[in-house]
Every structure is written in C-alpha cells, then in structure tokens.
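Accompanying notes for the structure given below.
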Amino acid sequence: MINTLLAIGIALVLGLLSTRLMKKIGLPNVTGYLIVGLIIGPYALGLIPGEQSLIKGTPLFYTSEGDKVFMMEVLSVISTVALGFIGFGIGSEFKISHIKEIGKSAITITAFEAISASLCVDIVLIAMSFVTDMPVYEAIIMGAIAAATAPAATIMVIKQYRAKGVVTDTLLPVVALDDAVGLIVFAISNSVALSLAGGGQISVLNIVVWPLVEIVASFAVGFGIGALLSLVPRFFKSRDNRLIATVACVFLCIGVCKLFGTLEDNGYVPFGLSDLLVCMMAGATFVNMRKEATQMMEGTDRWTPVLLMLFFILSGAELNLRMFSGWKIILCLILYIVARCLGKYFGAMLGATVTKSPKNVKKYLGITLFPQAGVAIGMATMCKIEFTKAGLPDIGSKIVTITMCAVLIYELVGPVLTKLTLTKAGEIDPSMLGKKLPSPSAGNADLND
C-alpha cells in the first residue's frame, strides 16, 4: 500500500536523482521533474492518483476510496501553495528602483511581445477551431499562457557563454518583466474564459467589468498583505521569525483568495481573486517597502526548492499522453507552439521598432524569448483547478497536457536557439562555443521562471 507520505518521499528521491541525469545531458532540472511526474503519475505507474482514476475506477495502490481522496487533497494543497510562492517570488523581483534602471524601452518591448504572443495564439486557435474543435474559451486560455516566458534557460546561456552586447542588455530586463505582464493578461483572460464556459449570460459586465474588478481587488488585497508583512522587521529580529512571517504572508494570500472563491461560489460576491496576482502584489509591495526584504526572501529561497520540485513533479503527473491518440490535439499543440513563437518574434520586433532600438535587437530578441516553463505550468494548473470547479475537468486536463508538452519542447530547443541567436548577433565570443551547455541549478532561477 502506498500512502501519501511514502508517495511524496518517492517523488522527492526520484526528482533529486533526475537532476543528476539532467546535468549530464545539459537540460534544465524542471524537465527532469516533469518526466518523473509523468512516470509516477496516474497515466503510468499510478503512484500519484488522478481524478480520472477515481471516476473510472482504475485500480490504484490504495485500500479504500477515502485514502485516494485524502492523497489527492494533500497533493492539491501542495500545488496551490507552490503557486503562491511562485507568484510571491515574481513580485519580489519587481522593485521600483530596478524598473527605473530598466527604462521605458524594455517595458514597452515586454508589453508588445507578451500581448502579441497572446493575441497571435488566440487568433490562430480560434480561426482553426472548425478543424480542431477547440472551444473559444479554451483558445483564450491558451493565448494567456502563451504570454509567459522562462528566464532560467535564457540566463543559463548568457552566463555560460558570457554573452555581452545590446541584445543581451535588452533581453535581461525584458525576461524579468515578462511574467508580471503575463500574469495580468492571464487574470483577464481566465475570467473571460470562465464566463464564456459557464454558459451564462454574455455581457460587458461579465467579460469586461468583473474581470477588471478582480484584478484591481487582487492588487488591493495583495498590497494590504504585503504592507502588513513590511511591519514584521520592526518587531521580529531573528531570522527564523522573519522566515515564519514571510511564509505566513503567502499562506494568508492564498487563504484570502480561497475565501473569496467560496463566497463567489455561494453567490455572496460577484467576483473572485487571482491567487497569482495577490501573491505577486504582496511580494512587490514588501520588497519596495522594506530594505530587509531581500534578506528575508533569501531565507525563503532556502526551503522552497523542495516545495517547487514537488509542484513540477505533480504537474508532470497531469500530463496525459493518451490524449495525443487523436490528431486534433496534436494539431492544437503544433498551432500553439508556432503561433506563440511568431507572436513573440514579431511582437518583440514591433516593440523594438517603436522604441527605436538597435537593428540587432529588432532582428534577434524575439527568438531568445521562446523558452517557457514555471509560470506557464502554474497558469495551466490554475486553469485546471478553475475549470474542474466549473464542471469542465476535461478542458482543464487538455490545457495542462498541451502546456506541459509545449514546455518540454521549449526546454529542449530553447537554450540551443538562444545560443545560436546570440552567436549570430555577435555577442558570444567564438572561443566560448566549445563549452558544453550546463543545466541550471535547482534553485529559484530554475523553478521560479
């Protein structure tokens, strides 16, 4: 009999071992975690159960239905908390002083490339829906996920090959801002998609007003919780107490979001809150209000890799390769990857043109923005939770499956494309090209991307 703690222990051990293999073949650790999750998930060995296993009665290694449900609930909590820390980590990078250093050009380029990728995927998937049978609301969600970019693979190449130049100087601030823009796009798209999927009345109020109210409310709640956290250093000086306060802040953010979700489900409030946006705003508020914030965040970074490793393994367990037995979902995957890459490339080019950036930035920047990982997985996981609540678990599973497969492809080819692009741009010394591309460490650079 496999119980919850034993399953988690096995997952951690296999995840740890996968980092050694990924290092040898030069791939990011997150790729190994996803593969481990796929192997021990409900669609392979079955050490981690899934909703379909319970519905169809597929045999698992449990003695009672109660044990299965309990494990699923525990694993769901782990994923939810991990999403909170991902959002909080993104917010902590959003310092006002840093944004001023970045300048308007990087902010403009980021907005153009993120929104262009989202719109391009939306347009292509909706236009091809008569072939793929993909609902409009699902296409909108895939477009929102397309906005996110993973900085870990890109930064890995820059550091390894000591890339220097105008493309590199523009790339670093763009990938730093990209996820924040992506989360805002996702929050709007997710609310609109859920309204369309619900089958209720389609109105400006439902698809415009309430989504905007949700974003504003999420920012307000996140700001309030972040401001409370900023008071902690005045009263608690020990490292342990400050760590506890930081963790409590993330749990409080998630808890308030779940409370709003319950109130919305029961009809007491007309909108919910975005877990990712609330946590991101809390992190951004905290890091801008207290100079001790960076030191406190470093304490959090020491233990979150375990939580985030589990999150990616559990995410990999959601990857149902059986879905690809039909050609339509394969076509959806291909369309998503191609449309997103075109959106990133031409969006970055347009943004660079508007800001009158150098020719090399216009020509090469977009290609370096193709990699995608952590935040995209977080968005897909959030969608699965929301669509399951809305009574559409199959749609959530499909979104997760397409996103996971795309991430694996991006993580395989992304670093190589970045290396070739920066080489063509003349920003990598030819003498460095003989070096083997390493895998990034299992720290936040690899997980919070």
Side-chain angles (χ1 to χ4, degrees), residues 77-100 176-177 179-184 186-187 190-191 211-265 268-308 311 375 378 382 385 444 447-448:
V77 169
I78 291 174
S79 294
T80 301
V81 173
L83 283 172
F85 278 100
I86 288 174
F88 191 74
I90 292 171
S92 67
E93 299 294 331
F94 218 64
K95 292 184 181 180
I96 294 177
S97 58
H98 180 54
I99 294 174
K100 290 180 179 178
L177 292 171
D179 286 335
V181 176
L183 287 182
I184 296 173
F186 174 76
N190 190 44
S191 296
L212 291 177
V213 170
E214 177 180 316
I215 291 175
V216 173
S218 297
F219 280 145
V221 172
F223 176 83
I225 296 176
L228 286 175
L229 179 60
S230 68
L231 299 176
V232 168
R234 296 183 181 180
F235 305 100
F236 299 96
K237 305 299 181 182
S238 74
R239 182 179 298 174
D240 290 344
N241 285 337
R242 289 182 173 184
L243 173 61
I244 293 171
T246 306
V247 174
C249 171
V250 177
F251 274 81
L252 186 59
C253 288
I254 298 170
V256 171
C257 290
K258 297 306 174 188
L259 175 61
F260 263 78
T262 302
L263 294 175
E264 183 185 19
D265 292 340
Y268 294 112
V269 294
F271 62 91
L273 296 176
S274 168
D275 298 37
L276 289 169
L277 279 187
V278 170
C279 292
M280 184 186 78
M281 188 62 185
T285 302
F286 176 52
V287 81
N288 282 290
M289 293 185 71
R290 298 298 300 187
K291 62 181 181 180
E292 299 95 336
T294 302
Q295 182 182 12
M296 291 175 65
M297 288 297 299
E298 288 176 355
T300 307
D301 292 344
R302 291 190 181 95
W303 71 275
T304 50
V306 177
L307 178 66
L308 295 171
F311 168 71
V375 174
M382 185 64 66
I385 295 171
N444 283 353
L447 299 175
N448 287 358

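Numbers here are sequence positions counted from 1.
- The shortest side-chain heavy-atom distance between Leu307 and Phe311 does not fall under the 4.5 Å cut-off.
- One distance of note links CZ of Phe286 with CE of Met281; it measures 14.5 Å at 0.5 Å rounding.
- Between atom CG of residue Leu83 and atom SG of residue Cys279 there is a gap of 8.5 Å, rounded to the nearest 0.5 Å.
- Nearest heavy atoms, Asn288 versus Ala284: ND2-O, 2.7 Å.
- Closest approach of Thr285 and Ala227 over heavy atoms only: CG2-N, 3.7 Å.
- Two residues are said to be in side-chain contact when any heavy atoms from C-beta on lie closer than 4.5 Å; Thr80 and Met382 fail this criterion.
- In plain terms, the two heavy atoms of Gly272 and Glu214 that are nearest each other are O-CG, 3.2 Å.
- Residues Leu273 and Val221 have side chains in contact (heavy-atom distance under 4.5 Å, counting atoms from C-beta outward).
- Ala282 and Phe88 get closest at one heavy-atom pair: C-CE1, 3.9 Å.
- With rounding to the nearest 0.5 Å, the separation of CZ in Phe85 from CZ in Phe251 is 6.0 Å.
- Shown here for Cys257 and Val278, the closest heavy-atom pair between the two residues is SG-CG2, 3.6 Å.
- Annotation: the span from Asn190 atom CG to Ile215 atom CD1 amounts to 10.5 Å, rounded to 0.5 Å.
- With contacts defined as side-chain heavy-atom distances shorter than 4.5 Å, the pair Ile254/Asp275 qualifies.
- The CZ atom of Phe260 lies 8.5 Å from the OG atom of Ser218; values are rounded to the nearest 0.5 Å.
- One distance of note links CG of Leu277 with SG of Cys253; it measures 11.5 Å at 0.5 Å rounding.
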